[in-house]
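Take a look at the structure below.
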Amino acid sequence: EHRGWQPDPRLVGGDEPVLVRDADGGVWVSTVPSVVRLHKGVWSEYGGLDALPRRVALATTVASDGTLWFGYRDGRLARIKDKTVRLFDAHDGLDVGGVLSIRAQGDEVLVGGEHGLAWFDGARFVLIKSSLDTSLRGISGIVRAQNGDLWLNGIAGISRIERHSVEDAIRDQMHRA
(Lines give C-alpha, C1' and ligand atoms only; values in the text may rest on other atoms or scores of the structure.)
Protein backbone atom coordinates (compact mmCIF):
# COMPACT_ATOMS: atom_id res chain seq x y z
CA GLU A 1 0.00 0.00 0.00
CA HIS A 2 1.26 3.48 -0.86
CA ARG A 3 0.08 6.37 1.25
CA GLY A 4 1.02 10.04 1.40
CA TRP A 5 0.79 12.81 3.98
CA GLN A 6 0.96 16.52 3.43
CA PRO A 7 2.27 18.68 6.28
CA ASP A 8 0.94 22.13 6.97
CA PRO A 9 2.58 24.28 4.23
CA ARG A 10 3.49 26.88 6.86
CA LEU A 11 5.80 24.31 8.49
CA VAL A 12 7.73 23.11 5.45
CA GLY A 13 8.60 24.65 2.14
CA GLY A 14 12.10 23.67 1.04
CA ASP A 15 12.80 21.42 -1.88
CA GLU A 16 15.59 19.28 -0.38
CA PRO A 17 14.27 17.71 2.82
CA VAL A 18 16.37 15.59 5.15
CA LEU A 19 14.43 12.54 6.42
CA VAL A 20 14.91 10.08 9.25
CA ARG A 21 12.63 7.59 10.99
CA ASP A 22 12.74 7.24 14.77
CA ALA A 23 12.33 4.13 16.94
CA ASP A 24 8.65 4.97 17.61
CA GLY A 25 7.88 4.94 13.88
CA GLY A 26 7.78 8.73 13.61
CA VAL A 27 9.24 10.35 10.51
CA TRP A 28 11.25 13.53 10.95
CA VAL A 29 11.50 15.98 8.04
CA SER A 30 13.98 18.84 8.08
CA THR A 31 13.34 21.45 5.43
CA VAL A 32 13.02 25.23 5.28
CA PRO A 33 11.79 26.71 7.58
CA SER A 34 11.77 24.04 10.34
CA VAL A 35 11.93 20.43 11.47
CA VAL A 36 8.65 18.53 11.73
CA ARG A 37 7.71 15.04 12.87
CA LEU A 38 4.88 12.87 11.57
CA HIS A 39 3.73 10.33 14.12
CA LYS A 40 0.44 8.39 13.90
CA GLY A 41 -0.86 10.83 11.31
CA VAL A 42 -0.14 13.95 13.38
CA TRP A 43 2.48 16.57 12.44
CA SER A 44 4.36 18.36 15.23
CA GLU A 45 6.92 21.11 14.82
CA TYR A 46 10.32 20.12 16.25
CA GLY A 47 8.71 16.91 17.48
CA GLY A 48 7.29 18.84 20.41
CA LEU A 49 10.79 19.06 21.95
CA ASP A 50 11.43 22.57 23.29
CA ALA A 51 15.20 22.05 23.57
CA LEU A 52 15.67 21.19 19.88
CA PRO A 53 17.26 24.14 18.01
CA ARG A 54 14.74 26.21 16.07
CA ARG A 55 16.45 25.84 12.72
CA VAL A 56 16.75 23.46 9.81
CA ALA A 57 19.03 20.44 10.26
CA LEU A 58 21.45 19.86 7.38
CA ALA A 59 22.16 16.25 8.35
CA THR A 60 20.42 13.65 10.45
CA THR A 61 20.69 9.98 11.26
CA VAL A 62 19.41 7.40 13.70
CA ALA A 63 21.73 5.05 15.60
CA SER A 64 21.00 1.37 16.10
CA ASP A 65 19.84 2.10 19.68
CA GLY A 66 17.25 4.60 18.40
CA THR A 67 19.22 7.74 19.26
CA LEU A 68 18.55 10.55 16.78
CA TRP A 69 21.28 12.97 15.70
CA PHE A 70 20.70 16.32 13.96
CA GLY A 71 23.52 18.50 12.58
CA TYR A 72 23.26 22.22 11.95
CA ARG A 73 24.89 24.93 9.82
CA ASP A 74 26.13 26.74 12.96
CA GLY A 75 28.31 23.74 13.90
CA ARG A 76 26.04 22.37 16.61
CA LEU A 77 24.77 18.82 16.91
CA ALA A 78 21.63 17.70 18.74
CA ARG A 79 21.24 14.22 20.19
CA ILE A 80 17.76 12.98 21.06
CA LYS A 81 17.89 9.99 23.34
CA ASP A 82 14.83 8.82 25.27
CA LYS A 83 13.08 12.11 24.33
CA THR A 84 15.89 14.11 25.97
CA VAL A 85 17.81 16.63 23.86
CA ARG A 86 21.53 17.23 24.39
CA LEU A 87 23.36 19.85 22.33
CA PHE A 88 27.05 19.62 21.40
CA ASP A 89 29.28 22.37 20.00
CA ALA A 90 32.92 23.49 19.95
CA HIS A 91 33.00 23.48 23.77
CA ASP A 92 32.47 19.70 23.50
CA GLY A 93 35.27 19.29 20.95
CA LEU A 94 32.92 19.48 17.95
CA ASP A 95 34.81 21.96 15.80
CA VAL A 96 33.99 20.94 12.22
CA GLY A 97 32.05 24.02 11.10
CA GLY A 98 28.62 23.44 9.61
CA VAL A 99 27.63 19.78 10.09
CA LEU A 100 27.13 18.10 6.69
CA SER A 101 27.09 14.39 7.57
CA ILE A 102 26.65 12.09 10.55
CA ARG A 103 27.40 8.38 10.78
CA ALA A 104 26.10 6.57 13.87
CA GLN A 105 26.62 2.82 14.02
CA GLY A 106 26.72 0.91 17.28
CA ASP A 107 28.67 3.01 19.77
CA GLU A 108 30.51 4.94 17.06
CA VAL A 109 29.44 8.41 15.96
CA LEU A 110 31.39 10.29 13.29
CA VAL A 111 30.54 13.83 12.21
CA GLY A 112 31.70 15.44 8.98
CA GLY A 113 31.58 19.15 8.41
CA GLU A 114 32.77 22.09 6.41
CA HIS A 115 36.15 22.11 8.17
CA GLY A 116 36.78 18.60 9.39
CA LEU A 117 35.85 15.22 10.81
CA ALA A 118 35.18 14.34 14.46
CA TRP A 119 34.67 11.11 16.43
CA PHE A 120 32.45 10.94 19.54
CA ASP A 121 33.98 9.18 22.56
CA GLY A 122 30.66 9.04 24.45
CA ALA A 123 31.12 12.39 26.19
CA ARG A 124 33.19 14.63 23.88
CA PHE A 125 34.24 14.86 20.27
CA VAL A 126 37.79 14.23 19.10
CA LEU A 127 38.96 15.85 15.86
CA ILE A 128 40.57 13.54 13.34
CA LYS A 129 43.31 15.44 11.57
CA SER A 130 44.63 14.67 8.12
CA SER A 131 48.13 14.76 6.70
CA LEU A 132 46.54 16.36 3.63
CA ASP A 133 45.09 19.74 4.63
CA THR A 134 42.22 19.73 2.11
CA SER A 135 41.09 16.09 2.37
CA LEU A 136 38.89 16.60 5.44
CA ARG A 137 36.98 19.65 4.24
CA GLY A 138 33.34 19.63 3.22
CA ILE A 139 32.72 16.05 4.42
CA SER A 140 29.25 15.26 3.07
CA GLY A 141 29.45 11.46 3.23
CA ILE A 142 30.97 8.92 5.65
CA VAL A 143 31.13 5.15 5.14
CA ARG A 144 32.91 2.63 7.38
CA ALA A 145 34.07 -0.39 5.37
CA GLN A 146 33.91 -3.91 6.82
CA ASN A 147 37.68 -3.84 7.34
CA GLY A 148 37.33 -0.63 9.42
CA ASP A 149 38.63 1.81 6.82
CA LEU A 150 36.78 5.11 6.48
CA TRP A 151 35.62 6.34 3.09
CA LEU A 152 34.77 10.02 2.93
CA ASN A 153 33.20 12.27 0.35
CA GLY A 154 34.44 15.84 0.60
CA ILE A 155 35.54 18.88 -1.34
CA ALA A 156 38.72 17.07 -2.39
CA GLY A 157 36.65 14.14 -3.73
CA ILE A 158 36.55 10.60 -2.35
CA SER A 159 39.22 9.70 0.18
CA ARG A 160 40.05 6.67 2.30
CA ILE A 161 41.63 6.56 5.74
CA GLU A 162 42.87 3.15 6.83
CA ARG A 163 41.46 1.74 10.07
CA HIS A 164 44.77 1.80 11.95
CA SER A 165 45.33 5.43 10.99
CA VAL A 166 41.85 6.41 12.25
CA GLU A 167 42.51 4.58 15.53
CA ASP A 168 45.90 6.30 15.90
CA ALA A 169 44.32 9.73 15.26
CA ILE A 170 41.65 9.08 17.91
CA ARG A 171 44.23 7.93 20.51
CA ASP A 172 46.80 10.63 19.79
CA GLN A 173 45.61 14.13 18.89
CA MET A 174 49.02 14.90 17.37
CA HIS A 175 48.71 12.03 14.86
CA ARG A 176 47.53 12.95 11.39
CA ALA A 177 45.58 10.29 9.52
Side-chain angles (χ1 to χ4, degrees), residues 5 7 11-12 14 16-32 34-128 136 139-146 148-154 161 163 166-167 169-171:
W5 289 270
L11 299 180
V12 298
E16 295 184 31
V18 176
L19 300 167
V20 69
R21 185 169 185 215
D22 64 29
D24 293 333
V27 176
W28 294 76
V29 182
S30 178
T31 186
V32 175
S34 69
V35 174
V36 293
R37 180 179 186 243
L38 173 64
H39 187 251
K40 297 183 179 178
V42 177
W43 289 97
S44 60
E45 197 166 21
Y46 299 101
L49 299 171
D50 293 335
L52 204 58
R54 295 312 196 236
R55 57 184 38 96
V56 173
L58 300 179
T60 187
T61 195
V62 61
S64 53
D65 68 356
T67 301
L68 288 169
W69 295 87
F70 291 88
Y72 301 94
R73 185 179 316 278
D74 65 2
R76 290 190 298 167
L77 189 71
R79 178 183 68 190
I80 303 172
K81 187 170 186 170
D82 301 324
K83 296 186 171 108
T84 300
V85 178
R86 163 93 195 270
L87 297 178
F88 297 91
D89 60 18
H91 293 101
D92 303 294
L94 184 63
D95 194 14
V96 298
V99 175
L100 303 175
S101 58
I102 309 163
R103 182 192 180 278
Q105 185 67 42
D107 292 335
E108 182 177 76
V109 177
L110 290 158
V111 177
E114 295 171 313
H115 309 299
L117 178 68
W119 174 79
F120 186 57
D121 72 3
R124 296 187 48 77
F125 284 87
V126 175
L127 288 178
I128 297 175
L136 296 183
I139 303 297
S140 61
I142 305 168
V143 173
R144 177 74 89 163
Q146 284 185 342
D149 291 355
L150 276 182
W151 287 87
L152 307 169
N153 182 54
I161 304 174
R163 184 193 84 241
V166 173
E167 292 168 353
I170 289 168
R171 272 194 309 274

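- T61 places no side-chain N or O within donor-acceptor distance of the main-chain N or O of R103, the cut-off being under 3.5 Å.
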Checking salt bridge (Lys or Arg N to Asp or Glu O under 4.0 Å) for the pair E45/R54: CA distance, chi angles, key distance, verdict?
CA-CA 9 Å; E45 197 166 21; R54 295 312 196 236; over 6 Å; no
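- The two atoms that bring R163 and D149 nearest to each other are N-OD1, 2.8 Å, heavy atoms only.
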Do V99 and L58 pass the side chain to side chain contact (heavy atoms under 4.5 Å, CB included) test, and can you show the C-alpha distance, the side-chain angles, and the key distance before you say yes or no?
CA-CA 7 Å; V99 175; L58 300 179; 6.0 Å; no
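- Atom CG of D65 has more than 12 neighbouring heavy atoms from other residues, nucleotides or ligands inside a 6.0 Å radius.
- Note that the CG atom of N153 and the CD1 atom of I142 stand 10.5 Å from one another [nearest 0.5 Å].
- In this structure T60 satisfies the side chain to side chain contact (heavy atoms under 4.5 Å, CB included) test together with V18, V20, F70, sequence neighbours excluded.
- With contacts defined as side-chain heavy-atom distances shorter than 4.5 Å, the pair L152/I161 qualifies.
- Across all their heavy atoms, A78 and V85 have their closest contact at CB-CG1, 4.4 Å.
- Remark: side-chain polar atoms of D82 are not paired, donor with acceptor, to backbone N or O of T84 under 3.5 angstrom.
- Going from atom OG of S44 over to atom CG of L49 covers 8.0 Å, rounded to the nearest 0.5 Å.
- Atom CD1 of I102 and atom CG of L77 lie 5.0 Å apart (nearest 0.5 Å).
- The two residues L94 and R76 make their nearest non-hydrogen contact at CD2-C, 4.3 Å.
- Ring pair F120/F125 is tilted by interplanar angle, where 30° to 60° counts as tilted.
- I139 has its side chain out of reach of L100: every pair of non-hydrogen atoms, C-beta onward, lies at least 4.5 Å apart.
- Under the ring pair (Phe, Tyr, Trp, His ring centres under 6.0 Å) criterion, Y72 pairs with no residue, sequence neighbours left out.
- The shortest non-hydrogen separation linking A63 to W69 is CB-NE1, 4.3 Å.
- Listed by first and then second residue, the salt bridge (Lys or Arg N to Asp or Glu O under 4.0 Å) pairs involving residues 87-101 are R86-D92 (not counting sequence neighbours).
- Annotation: salt bridge (Lys or Arg N to Asp or Glu O under 4.0 Å) contacts involving residues 118-127, sequence neighbours excluded, are absent.
- Applying the side chain to side chain contact (heavy atoms under 4.5 Å, CB included) rule to D22 yields the partners D24, W28, R37, L68; only residues at least two apart in sequence or on another chain are considered.
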Between Q105 and R144, is a side chain to side chain contact (heavy atoms under 4.5 Å, CB included) present by the stated rule, with each step listed?
CA-CA 9 Å; Q105 185 67 42; R144 177 74 89 163; over 6 Å; no
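- The two residues G66 and A23 make their nearest non-hydrogen contact at CA-CB, 4.2 Å.
- Smallest separation of non-hydrogen atoms from S30 and V56: OG-CG1, 3.3 Å.
- A search for ring pair (Phe, Tyr, Trp, His ring centres under 6.0 Å) contacts involving Y46 returns nothing, not counting sequence neighbours.
- Note that CG of L110 is 9.0 Å distant from CH2 of W119, once rounded to the nearest 0.5 Å.
- Using a 4.0 Å cut-off between a side-chain N of Lys or Arg and a carboxylate O of Asp or Glu, E114 and R73 do not qualify as a salt bridge.
- Applying side-chain contact (heavy atoms from CB on, under 4.5 Å) to V96 and the options V111, L117, L136 leaves one that passes, V111.
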